[in-house]
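These notes are about the structure you will find just below.
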There are 2 protein chains.
Amino acid sequence: MHPQIKEPTTRNAKNTFKAIEDAAYEVFYKNGYHGTTIADITNRAGVAAGTFYLYFPSKLVLYQHILMSLSHDIRKEIAAKVSRKETRYEKEREGIKTFINYALERPEMYNIIWESLYIDRELFRDYYADFAKRYKRGLEEAAAKGEIRSLDSEVVSYVLMGITNFIGLKVVMDLGEGNENVDAIVNVVMEILDKGLFKKHRDSSGK
Amino acid sequence: MHPQIKEPTTRNAKNTFKAIEDAAYEVFYKNGYHGTTIADITNRAGVAAGTFYLYFPSKLVLYQHILMSLSHDIRKEIAAKVSRKETRYEKEREGIKTFINYALERPEMYNIIWESLYIDRELFRDYYADFAKRYKRGLEEAAAKGEIRSLDSEVVSYVLMGITNFIGLKVVMDLGEGNENVDAIVNVVMEILDKGLFKKHRDSSGK
DNA sequence: TGCTAACATGAATATATATTCAGTTTGTGA
DNA sequence: TCACAAACTGAATATATATTCATGTTAGCA
């Protein structure tokens, strides 16, 4: 928990705190950080403007609080699903699928994480650096077992994050246009990861 | 040119206009859209605040103007380089390499394009939709020639954009930490695209 | 040299909104 | 039932900054 946040102690105060958090999720998503005012948040939460400052010292700290809770949540969800699979191949498929479904069901979270690049660059950087680190670990284990080819695992992790994030972006942007067949999309991605994009060209030593 | 922008006519006015544009590039990059004020721009350009409004009706229109010019520029650069290559394989390698080098040399452009998701969602969406459309065309030609495998070209184009953008992101975030060996990074990416990530697992019909 | 239109100025205006604070209500333990 | 702290209120404050406008300056031409 952010050190500057004052935790509520009584039952009523806990409800108030939660109402502010919930309102913030909704409004930050809908209108972005700069597009939402403290008044938007407190109105939606049904409390007075001053009440906000009983718990949070500033709008920025609230944003950071929400961002951290989001990123924790999305990582937990992916880790839980992935750990149930045996092979790296199956883990990868599951991770991509989970991420896309997450983006589809709660586009707000996804959106808020990207916006952080322009609100709190450190937090954004840390989020992806940490994500990459976990990814690397998994990839290196898989390489040690001979499940995947030996390639720079840092670069590979950004390749995989890039694919997942952009496919998620596409799905979110297309929301409501009926392109939500996640399995079909994941199949295409796995085809590429499994066999490559290119048909064999010239000699296999390449150019 | 944006219809609300008033073009300068005289030699001096052209210089003033250019100075405002140049200042805006720098400052938008450095501090983001919300972090820069009209005063920041006009101070850096060496003109009075009011002068800004001789040419641009608002800060938003200036931002849109700059974003469009950036996205035009980056696409032009990639298209020019790619068109010199023969095979899809070589074109892909060149496109990725050009994009990363672009991000490395002018991180501001790259940065501004992503921020647009939170400033002008339509413009952002259009930018990527258009990028994807061009990509699709190239991929479909390559598929017709048998250079690449037949897969949903829309999904493939987002996979490739995702890879490129995230590798670009990594390179920009790491700037100054000596990880700027673009060729080595591109090689890893091409390895994956060429031969896949996974070693052959079980039977090739897959799961 | 004087005229005119384009160009430029920067102080003043208008507005938005994050944050404060003096006062009020509420719940709880004695 | 009282006392007190915690919780809450919302009008007032403070600040930032996009935009306007009355006024001045310049360049080129008759």
Side-chain angles (χ1 to χ4, degrees), chain A residues 1-28 30-67 115 118-120, chain B residues 1-28 30-67 115 118-120:
Chain A
M1 183 66 61
H2 196 106
Q4 290 169 267
I5 293 176
K6 171 146 180 306
E7 299 266 4
T9 53
T10 70
R11 166 194 276 286
N12 277 355
K14 272 179 209 216
N15 287 339
T16 302
F17 187 88
K18 184 80 175 8
I20 292 172
E21 281 183 319
D22 290 347
Y25 275 92
E26 288 178 48
V27 182
F28 276 143
K30 219 169 160 185
N31 303 318
Y33 180 79
H34 294 287
T36 89
T37 68
I38 301 294
D40 290 336
I41 295 169
T42 52
N43 286 344
R44 182 172 285 260
V47 299
T51 304
F52 175 82
Y53 292 92
L54 295 177
Y55 303 104
F56 302 93
S58 69
K59 181 179 164 184
L60 180 61
V61 168
L62 168 65
Y63 177 82
Q64 291 165 332
H65 166 68
I66 287 203
L67 181 62
E115 187 176 16
Y118 303 97
I119 314 294
D120 185 332
Chain B
M1 184 64 65
H2 196 106
Q4 290 167 265
I5 293 175
K6 173 148 179 305
E7 299 267 3
T9 54
T10 71
R11 166 194 275 289
N12 278 354
K14 272 177 213 228
N15 287 339
T16 302
F17 188 88
K18 185 78 175 8
I20 292 172
E21 281 183 320
D22 290 347
Y25 274 92
E26 288 179 46
V27 182
F28 276 143
K30 217 169 162 189
N31 303 318
Y33 180 79
H34 294 288
T36 90
T37 67
I38 299 294
D40 290 337
I41 295 168
T42 52
N43 287 344
R44 181 171 285 261
V47 300
T51 304
F52 174 82
Y53 292 93
L54 293 177
Y55 304 104
F56 301 94
S58 69
K59 182 178 163 183
L60 180 60
V61 167
L62 168 65
Y63 177 82
Q64 290 166 332
H65 167 68
I66 287 205
L67 181 62
E115 188 176 17
Y118 303 98
I119 314 295
D120 185 332

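Protein chains get the first letters and strands the later ones, always in sequence-line order, with residue 1 at the start of each. Basis for what follows: all heavy atoms, side chains included, without hydrogens, waters or symmetry-related copies.
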### Task
For B/Lys6, answer base if it contacts any base atom (sugar-phosphate contacts may also be present), sugar-phosphate if it contacts only those atoms, and nothing otherwise; contact means non-hydrogen atoms under 4.0 Å.
sugar-phosphate

### Query
How is B/Thr37 classified with respect to the nucleic acid when contacts are heavy atoms under 4.0 Å: base, sugar-phosphate, or nothing?
sugar-phosphate

### Task
When you get a sec, tell me which of D/dT19, D/dA7, C/dC7 is the closest nucleotide to the side chain of A/Thr9?
D/dA7

### Query
C/dT17 P sits how many Å from A/Ile41 CD1, rounded?
12 Å

### Nearest listed nucleotide, side chain of B/Ala48, among C/dT9, D/dG10, C/dT19
C/dT9

### Message
Side chain of A/Val47, heavy atoms from C-beta onward: which of C/dT19, C/dA8, D/dT9 has the nearest atom to it?
### Response
D/dT9

### For atom CG of B/Leu54 and atom P of D/dT19, their distance in whole Å
14 Å

### Task
Determine the contact category for B/Phe56: base if any of its heavy atoms lies under 4.0 Å from a base atom, sugar-phosphate if only primed atoms, P, OP1 or OP2 are that close, otherwise nothing.
nothing

### Any donor-acceptor N/O pair, A/Tyr55 side chain to A/Phe17 backbone, under 3.5 Å
no

#### Entry: Separation of atom CG in A/Leu62 from atom P in C/dA18, rounded to whole Å
11 Å

### Message
Rounded to whole Å, how long is the line connecting atom CD1 of A/Ile38 with atom P of D/dT15?
### Response
18 Å

### Query
The side chain of A/Ala49 lies closest to which of these nucleotides: C/dA6, D/dA18, D/dA11?
D/dA11

### Task
Indicate whether OP1 or OP2 belonging to D/dT20 is found under 4.0 Å from a side-chain N or O atom of B/Tyr53.
no

### Task
Rounded to the nearest 0.5 Å, what's the gap from OH on A/Tyr63 to CD on A/Glu115? Could you check?
5.0 Å

### Query
Which residue pairs pass the side-chain hydrogen bond (donor to acceptor under 3.5 Å, both in side chains) test when at least one of the two sits in residues 34-44 of chain B, sequence neighbours left out?
B/Glu26-B/Arg44, B/Thr37-B/Asp40

### Query
Going from OH on A/Tyr33 to CD1 on A/Ile119, what distance comes out if it is rounded to the nearest 0.5 angstrom?
6.0 Å

### Query
B/Asn43 has an atom CG; how far is it from atom P of C/dT9, in whole Å?
11 Å

### Message
On the nucleotide C/dC7, are OP1 or OP2 found under 4.0 Å from the side-chain N or O atoms that B/Thr10 carries?
### Response
yes

### Task
For B/Phe52 and for A/Thr51, locate the closest nucleotide of DNA chain D by heavy-atom distance; then report the residue assigned to the nucleotide nearer the 5' terminus.
A/Thr51

### Task
Respond yes when some side-chain nitrogen or oxygen of B/Thr16 is under 4.0 Å from OP1 or OP2 of C/dC7, and no when none is.
no

### Query
Once you round it to whole Å, what is the distance between P of C/dA5 and CZ of B/Arg11?
23 Å

### Message
Starting the side chain at C-beta, find the nucleotide from C/dT20, C/dA8, D/dA7 nearest to B/Tyr55.
### Response
C/dA8

### Query
Starting at NZ of B/Lys14 and ending at P of C/dA6, how long is that distance when rounded to a whole Å?
15 Å

### Query
Taking the side chain of B/Asn12 as its heavy atoms from C-beta onward, which of C/dA18, D/dT9, D/dA27 lies nearest to it?
D/dA27

### Task
Measure from NZ on A/Lys59 to P on D/dA16 and round the result to the nearest Å.
15 Å

### Task
Report the residue from A/Asn15, A/Asp22, A/Thr16 that forms a side chain to side chain donor-acceptor pair (under 3.5 Å) with A/Lys18.
A/Asp22

### Query
Under the 3.5 angstrom rule, does the side chain of A/Gln4 hit a backbone N or O of A/Val61 as a donor-acceptor pair?
no

